[in-house]
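All figures in this text were calculated on a predicted structure; none of them were measured in a lab. Excluded from the calculations below are hydrogen atoms, water molecules and symmetry mates; all remaining heavy atoms, backbone and side chain alike, are included.
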Amino acid sequence: TWSALLLGNWFIVFHGVPGTPMVLLWSISVEEQFYLFVPWAVKCLNRRLLAGISIALIICADVWLFYLGRTRVPEIAIWTNSFVQFQNFVGGLLLCLILRGRSPRATGWQRLALLGAWAVSWFCAIYCLNIRYSGDVGPGSSALILGYGLVALGCCALLVAFLGIEKKALPSWAIYLGRISYGLYVFHWLAIYLVGIPMHHHFADFKDALIFKGVLPLALTILIASLSYRYFETPFLKLKKSHGVIESRPG
């Protein structure tokens with residue numbers, strides 16, 4: 001019911017993670033909550049007001065992180081909080097305002113530097129500032145604010161690193177996986193569930209562990225995501241194009 005009302009993430013915040021393979025759909029709830037108002041703002045407001053709204057949402061996220069950092073809440077209740085995640089969406093909105101619809105002109109070395117910045121920022125956020133902690137005791141408000149800020153900056157660096165890149169610079173299989181990437185995310189836990197091997201199960205043989213915890217779930221995930229893209233997502237993408245909306249998927 002919560003997911004049908006696009007509140008699946010708030011169910012996790014208040015009640016914990018449900019034991020279903022489709023738990024990852026919480027992210028769709030966050031996205032749709034953001035899309036309830038931002039498209040209208042983009043349509044009706046000028047660039048200055050959009051920038052102001054973006055800054056306000058970043059401040060709102062930091063206020064939440066300050067509060068959550070001072071309370072003993074599980075990390076998952078922070079990670080699935082809409083207001084915390086909105087700053088990552090706002091990063092994309094600010095990039096749109098900065099780029100003005102143009103793809104960045106970057107050399108190969110500049111793109112590699114951006115990928116390096118992405119990796120370093122996420123590494124520092126997770127392993128130095130410990131924003132993805134276990135247990136009830138978190139790293140504190142300052143670390144959470146800085147860490148989640150680094151995550152948002154890393155997302156922006158990763159996006160810019162690939163914006164405008166030519167198809168010939170990427171192998172065809174990578175382009176295809178990018179096209180079905182959201183299905184890969186949504187269905188990977190379902191694939192693990194269908195394989196039937198608990199994630200905490202330990203194999204005495206490395207080969208068995210590689211097959212049953214790596215190869216089989218990966219292959220099944222790609223299969224399900226491919227079928228979903230072909231028979232479920234593609235009709236909606238064609239509908240978008242028929243209404244003048246450009247497909248935003250890679251490739």
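Atoms CG and CZ, on Leu158 and Arg111 in that order, are 12.0 Å from each other to the nearest 0.5 Å. Rounded to the nearest 0.5 Å, atoms CG (Leu153) and SG (Cys124) are 11.5 Å apart. Atom-to-atom distance recorded for Ser226:OG and Leu177:CG is 8.0 Å, nearest 0.5 angstrom. In this structure, CZ in Phe232 is found 10.5 Å from CG in Leu237, a value given to the nearest 0.5 Å.
No side-chain donor-acceptor contact under 3.5 Å links Thr234 to the backbone of Tyr231.
Ring geometry, Phe14 versus Trp2: the interplanar angle falls from 30° to 60°, so the pair is classed tilted. The aromatic rings of Tyr35 and Phe89 sit perpendicular, their planes meeting at an angle over 60°, well past the 30° parallel limit.
Contact of the Ser82 side chain with the Phe86 side chain is registered, since non-hydrogen atoms from C-beta on lie closer than 4.5 Å. Phe11 places none of its side-chain heavy atoms less than 4.5 Å from the side chain of Ser3. With contacts defined as side-chain heavy-atom distances shorter than 4.5 Å, the pair Val30/Thr80 does not qualify. Proximity of Leu93 to Val42: side-chain heavy atoms (C-beta onward) are separated by under 4.5 Å at one or more points.
Within a 6.0 Å sphere centred on OH of Tyr185, heavy atoms belonging to other residues, nucleotides or ligands number more than 12. Heavy atoms of other residues, nucleotides or ligands lying less than 6.0 angstrom from CZ of Arg47 number more than 12.
Listed here is the closest heavy atom pair of Val186 and Leu24: O-CD1, 4.2 Å. Listed here is the closest heavy atom pair of Phe162 and Leu115: CE1-CD2, 3.6 Å. The heavy-atom pair separating Phe187 from Ala225 by the smallest distance is CD1-CA, 4.2 Å. Here the closest non-hydrogen pair linking Gly69 and Leu144 is CA-CD1, 3.6 Å. Here the closest heavy-atom approach between residue Leu129 and residue Pro139 is recorded as O-CB, 3.3 Å. Heavy-atom minimum distance, Thr221 versus Leu184: CG2-O, 3.5 Å.
Neither side chain, Tyr182 nor Ser228, offers a donor N or O lying under 3.5 Å from an acceptor on the other. Side-chain contact of Gln33 with Asn9: a donor-acceptor pair under 3.5 Å is present, judged by distance alone.
Scored by the salt bridge (charged side-chain N to carboxylate O under 4.0 Å, His left out) test, Arg230 finds no partners at all (sequence neighbours excluded).
With Phe83 as the fixed residue, the ring pair (Phe, Tyr, Trp, His ring centres under 6.0 Å) test singles out one of Tyr148, Tyr67, Phe66, Trp64: Trp64.
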Report the C-alpha distance between Ile224 and Leu227 in whole Å, list the side-chain angles of each, state the deciding distance to 0.1 Å, and finish with yes or no for side-chain contact (heavy atoms from CB on, under 4.5 Å).
CA-CA 5 Å; Ile224 298 173; Leu227 293 173; 5.8 Å; no
Output, in order, the C-alpha distance, side-chain angles, deciding distance and verdict of side-chain contact (heavy atoms from CB on, under 4.5 Å) for Val151 and Gln87.
CA-CA 10 Å; Val151 168; Gln87 68 176 328; over 6 Å; no
Between Ile78 and Tyr133, does a side-chain contact (heavy atoms from CB on, under 4.5 Å) hold up when you go through it step by step?
CA-CA 11 Å; Ile78 301 176; Tyr133 59 91; 3.5 Å; yes
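Hydrophobic side-chain contacts under 4.5 Å tie Leu99 into a cluster, directly or through other members, with Leu95, Leu114, Leu159, Val160, Leu163. The hydrophobic cluster around Phe123 extends to Ile126, Tyr127, counting ILVMFWY residues whose side-chain heavy atoms fall within less than 4.5 Å of a member.
Ile55 and Leu97 fall into different hydrophobic clusters, where Ile, Leu, Val, Met, Phe, Trp and Tyr are joined by side-chain heavy atoms under 4.5 Å apart, directly or via other members.
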